[in-house]
Amino acid sequence: MIEPGDHRLRQREYLLQISRALTAQLDLVSVLSLVIGYAVEMTAGTSGLIALYDEDSSDELRIRASARLSREDWPAFARLLKLPLGDLPRRGEAILRDVADDTGLTLRQMIALPLTLRDTPVGVIYVFRAALNVAFSADDRQVLQDFADQAAIAVSNARLYQSVLREKQRLDATIEQSADGVMIIDSRWRITTFNKAMEQLTGWPREEAIGRPCAEILGIQNPQGANICLVDCPLQRLPFAANPVVEGRLLTRDGRELYVQSRYAPQRGAKGQFLGAIANVRDITAQKQDEELQSTFISVISHELKTPVSIIKGFAGTLQRDDATFSAEQYREGLGVIEEEADRLARQIQDLLDVSRLTAGGIRLDMADFPLHALAADVVRALAPSAGERFEFELRFPDDMPPVHGDYERARQVLVNLVSNAIKYSPEGGKIRVGGWPEGDFAVCYVADQGVGIAPEEHEAIFRRFYRIDNRLRRETQGSGLGLYLTRAIVEAHGGRIWVESQVGKGARFVFTLPMGRRQLTD
Ligand code: ADP
């Protein structure tokens, strides 16, 4: 026989063990099994059950743990679970008889208490007895209530844990799907989360990035090429900024060069110590290029358009002076310069308009068949006089060169650009050859000079908007860096290609292709 004092001690010991199990974060069913096991023992029951309402449908109870009952016996209690709590003492007896019939379990008495969480019922705890003679006392009820409270805490913990877990999964999914790169770092600056956009941005796979110091993966460089994250980490700079931002060049692991902006949301402890941060990283290369382009655009316009205007104004002003007399020859020369500069101005404006048209959606072509060799001869005839004595021009096309299919005026623009460049970038003069041949469905055409040439690493860049090679000739010649950009756009709009073959000091050969015209069918 257990003494009342021993009983209370034991109960306290059991409740303590349940509390420990609760803080050890055992799963819900294990804690409930512990609770019902001790509850049955402490109330001298034969067996017991804990049933919970489903979180979403609150009127249906489901057994989650039992003591001294096998799982196969659980279905026999289904009707019991359907009874409202108030009906239990009376009707429960009848059901217990059914259970006894179905399972061979002799159960004759029962107490049931609701499990409540902040006054909301979350389940029911049941204890059964086989003996008829010993009725459940008010003490038993009290004991069971203590265990019921513990079970309710276990349910509360489990639900909190579930909702935190769901929240975390939702957050993880949001981070993963974010179009911006998102990276979370811990208090030791090591990466703990690295999303898909971040993998694409940096070229680092997540498995390798996680656990490494952030400065190693996201080494944003300042204009001097130093890693800002190592030399001037914004999260360590004092006084702490609320939302620091770093911008700079990023060399990706797979060899790309980007311009990125990284915004940090740091977390700090009560004493200001660093606990970690979320970094939001965005590729702003295109934006940066646009800004650069904008400023180049303005400087090119101001320089290239202002030069001919001031020459025109200068000559016009001089020719109008009352205090000087000019011969007819001088007038003609002056007016000639004005006309030349006005033409240059018109060409520049045309180029700028073409560029903005291109940006807006491409070039419209007026297609027809025409002989390329005749066009080349025409361009050479027009440009040769202004090139001067130092140049020799040569045309090399086969006699039976078939016509090409394209926009005559645009093709003329291509040849004018290439031949003008050949003249402009050959300060010593030399031979300029323009030639071509048919090849499959295309006509190949070239313009070759013996001028300063182009280093292989510039072969791609010269076709970019506003790009001019930084050499002596850049200062000595006029140019906006738009000629080759437009030339390439025109050739590509025809479905052709353009490239350059050249080395510094060895002259340059620009080659392009245009589609061949529909051949005349001969019998
Ligand atoms: P621009 O002549 O107005 O500068 P382009 O787009 O026509 O612009 O050419 C871009 C750059 O390519 C030039 O500034 C020059 O440095 C280089 N380039 C073009 N054609 C030649 C050539 N035939 N020989 C050497 N360099 C050339």
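First listed ligand is number 1; within each ligand, the first listed atom is number 1. Sequence positions, counted from 1, serve as the residue numbers for this chain. What's counted below: heavy atoms across the whole structure, side chains too, no hydrogens, waters or symmetry copies.
When side chains are defined from C-beta on, Val434 counts as touching Leu415, because their heavy atoms get closer than 4.5 Å. Two residues are said to be in side-chain contact when any heavy atoms from C-beta on lie closer than 4.5 Å; Phe512 and Leu418 meet this criterion.
Geometric assessment of Arg206 against the ring of Trp204 yields a negative cation-pi assignment under the 6.0 Å and 45° thresholds. Within the cation-pi definition used here (under 6.0 Å to the ring centroid, within 45° of the axis), Arg249 does not qualify as a partner of Tyr259.
When each of Leu201, Val182, Thr174 is tested with Asn195 by the rule side chain to side chain contact (heavy atoms under 4.5 Å, CB included), just one qualifies, namely Val182.
The N/O atoms of Gly479, backbone and side chain alike, include none that comes under 3.5 Å of an N/O atom in ligand 1. At under 3.5 Å, a nitrogen or oxygen of Ser480, whether backbone or side chain, sits near a nitrogen or oxygen of ligand 1. For Arg468, a nitrogen or oxygen atom sits less than 3.5 Å from a nitrogen or oxygen atom of ligand 1, counting backbone and side chain alike.
For Leu418, no heavy-atom contact with ligand 1 is shorter than 4.0 Å. By the criterion of a heavy-atom distance under 4.0 Å, the side chain of Ile454, and not its backbone, is placed next to ligand 1. Neither the backbone nor the side chain of Phe463 has a heavy atom within less than 4.0 Å of ligand 1. If you look at Lys424 next to ligand 1, the close heavy atoms, those under 4.0 Å, all belong to the side chain.
The shortest contact between atom 6 (O) of ligand 1 and any protein heavy atom is with Leu484 N, 2.8 Å. With hydrogens left out, the protein atom closest to atom 8 (O) of ligand 1 is Gly481 CA, 3.1 Å, a heavy atom. At the top of the distance list for atom 11 (C) of ligand 1, counting protein heavy atoms only, stands Tyr467 O, 3.8 Å. Atom 7 (O) of ligand 1 has Asn421 ND2, 2.8 Å as its closest protein atom, hydrogens excluded (heavy atom only). The protein atom (non-hydrogen) at minimum distance from atom 12 (O) of ligand 1 is Ile462 CG2, 3.3 Å. Nearest protein neighbour of atom 14 (O) of ligand 1, counting heavy atoms only, is Tyr425 OH, 3.1 Å.
Heavy-atom proximity to atom 17 (C) of ligand 1, evaluated over Asp470, Ile469, Thr487, is greatest for Ile469. For atom 23 (N) of ligand 1, the nearest non-hydrogen atom from the set Leu482, Asn417, Asp449 comes from Asp449.
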Next on the checklist: For a side-chain contact (heavy atoms from CB on, under 4.5 Å) check, start with the C-alpha distance between Glu501 and Val511, then their side-chain angles and the critical distance, and finish with the verdict.
Outcome noted: CA-CA 8 Å; Glu501 296 159 358; Val511 190; 3.9 Å; yes

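Atom CD of Glu339 has 12 or fewer neighbouring heavy atoms from other residues, nucleotides or ligands inside a 6.0 Å radius. Heavy atoms of other residues, nucleotides or ligands lying less than 6.0 angstrom from CZ of Arg263 number 12 at most.
Residue Phe510 approaches ligand 1 through these ligand atoms, each under 4.0 Å from one of its heavy atoms: 20 (N), 21 (C), 22 (C), 23 (N).
Checked against a 6.0 Å centroid threshold, the rings of Phe510 and Trp499 do not count as neighbours.
Using a cut-off of 4.0 Å between Lys/Arg side-chain N and Asp/Glu carboxylate O, Arg412 and Glu409 are scored as not salt-bridged.
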